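Note that this is a predicted model, so its numbers are computed, not measured. Chain letters run A, B, ... following the sequence lines, proteins first and then strands; every chain starts at 1.
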Amino acid sequence: MTANVMAVEGNTLFNWLLRLGDNTLVLSHRVSEWCGHAPVLEEDIALANTALDLIGQTQMWLGLAGEVEGKGRDADALAYLRDAWDFRNLLLVERPNGDFGHTMMRQFLFDAWQNVLLNRLKDSTDPRVADIAEKAAKEAAYHLDRSRGTVIALGDGTEESHARMQAALDALWDYVGEMFLDDDVDRAIADADVGPLPSSLRDAWDGIVNATLNEATLTRPDSDFAQTGGKTGRHTEDLGYILAEMQFLQRAYPGATW
Amino acid sequence: MSNAPLAPVPAGGDLTRAPLTPDRIWQLLDTVPDPEIPVISLVDLGIIRAVDIDGDKVVVTVTPTYSGCPATRVINEDILACLHANGIENARVNTRLSPAWTTDWISEKGRAALLEYGIAPPQPKGIPEACPRCGGHSLELTAQFGSTPCKALWRCNDCLEPFDYFKCI
């Protein structure tokens, strides 16, 4: 560990790691809801595999968060035994799936952001963060390749698919801004060079998104309005339903294993 | 024929009585198949990164293929089971994330075994070189993900057979 890392207060680092792990955990759960329901078998398998990668990344981020917290909570305890107000994920990832196109648009907006973020995190002064980012970046690049291709194919597809993708983009756009907002946690993390300021990710994200939407013949909404709150634990009611399903077993049968 | 009871044959045969050296551990681990693609050993897959021996204690360092791959836990259990079966009780598996696993670490023997099994081995250009069944070059991507996190689905337009491609990462 470097001196810089020591400069970040433990609770700040813990909260920041929860944001990373909760994003992948909640999105993974959402994507896994498609298992057995996707339009075609290949897409069903692809969605399940994406969810699986995200769960693996969650185990790494929340595992490290528990280690940093030092109270004996592991990734499972953090995933299954916290209530909604203790979750720190972006509101974007808890949005309901909608139709297949809507799910893939949400995935694309997140994948583009996650790729830019993970590539920056590879240079973290905290080697534990850099190691996880190096691993996760490979998976995220593959996810982006797929979600980008799907957005283009459906956007520049039939009249019906185009309309649905534009509707998805318009509906999700209010949840984009939160990815780029800086708060005190982000500033402390950036001061110690553990991670980038979210606002500094915007240009690269815009580059990926604008090029893709252009190719997909979709129109980027010009609103800058941003729904916020997820990063500090103020969530939409949707998260409660996700947790009710995801946490049921461990709540009803504490410590159950198989 | 003697009435004396036969001495039990230890699992692993002669290897059981061999001295504890890194070479011997590597040799043993080369007999442990990947749980999902059993034609390739963990050593051939390139996920065994180090074997350290300190006295009678063995530490095997493993780098996971995909972070969420459900086979990872089984792999760790299989490694310990193999070592235990060969009389090595004091063993531990250590997970290492960096450098991240790459398909470049799959051995030549492993690539040949994949091909023989019907899985096109990973290629630097990111797409399969030829159909593992007929060798045809007119290939088409069916899906970017397949039956395991490490594979994609392709189809050969010559023999019309679908096949798995080991994704290049």
Out of curiosity, B:K167 NZ to A:Y142 OH, how far, rounded to the nearest 0.5 Å?
4.5 Å

Nearest non-hydrogen partners of A:K138 and B:W101, listed with the distance
NZ-O, 2.8 Å

Any idea which heavy atoms bring A:Q57 and B:S67 closest together, and the distance?
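Closest approach of A:Q57 to B:S67, heavy atoms only: N-OG, 3.5 Å.
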
Chain B neighbours within residues 34-52 of chain A, where any heavy atom lies under 4.5 Å away:
A:E42, A:I45, A:A46, A:N49, A:T50, A:L52

Positions in residues 58-72 of chain A that reach chain B, provided some heavy atom is under 4.5 Å away:
A:Q59, A:M60

Other residues, nucleotides and ligands only: do more than 12 of their heavy atoms fall within 6.0 Å of CD on B:E116?
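Counting other residues, nucleotides and ligands, CD of B:E116 stays at 12 neighbours or fewer.
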
May I ask you to check whether over 12 heavy atoms, not counting those of B:K109, lie within 6.0 Å of atom NZ?
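Above 12, so yes.
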
Engaged part of [X] at the chain A interface, taking heavy atoms whose separation is under 4.5 Å:
X      : answer
B:T148 : backbone
B:I169 : both
B:T95  : neither

Answer yes or no: is there a donor N or O on one side and an acceptor on the other, between the side chain of A:E134 and the main chain of B:S98, under 3.5 Å?
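No, because the side chain of A:E134 does not come within donor-acceptor range (under 3.5 Å) of the backbone of B:S98.
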
Treating A:K135 as the side-chain partner and B:P99 as the backbone partner, does any N or O pair qualify as donor plus acceptor under 3.5 Å?
no

Contact winner vs chain A - B:P149, B:S147, B:C69, heavy-atom pairs under 4.5 Å:
B:P149

Measure up the B:F145 and A:H143 rings against each other and bin them: parallel (under 30°), tilted (30 to 60°), perpendicular (over 60°).
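Tilted, since the angle between the ring planes falls between 30° and 60°.
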
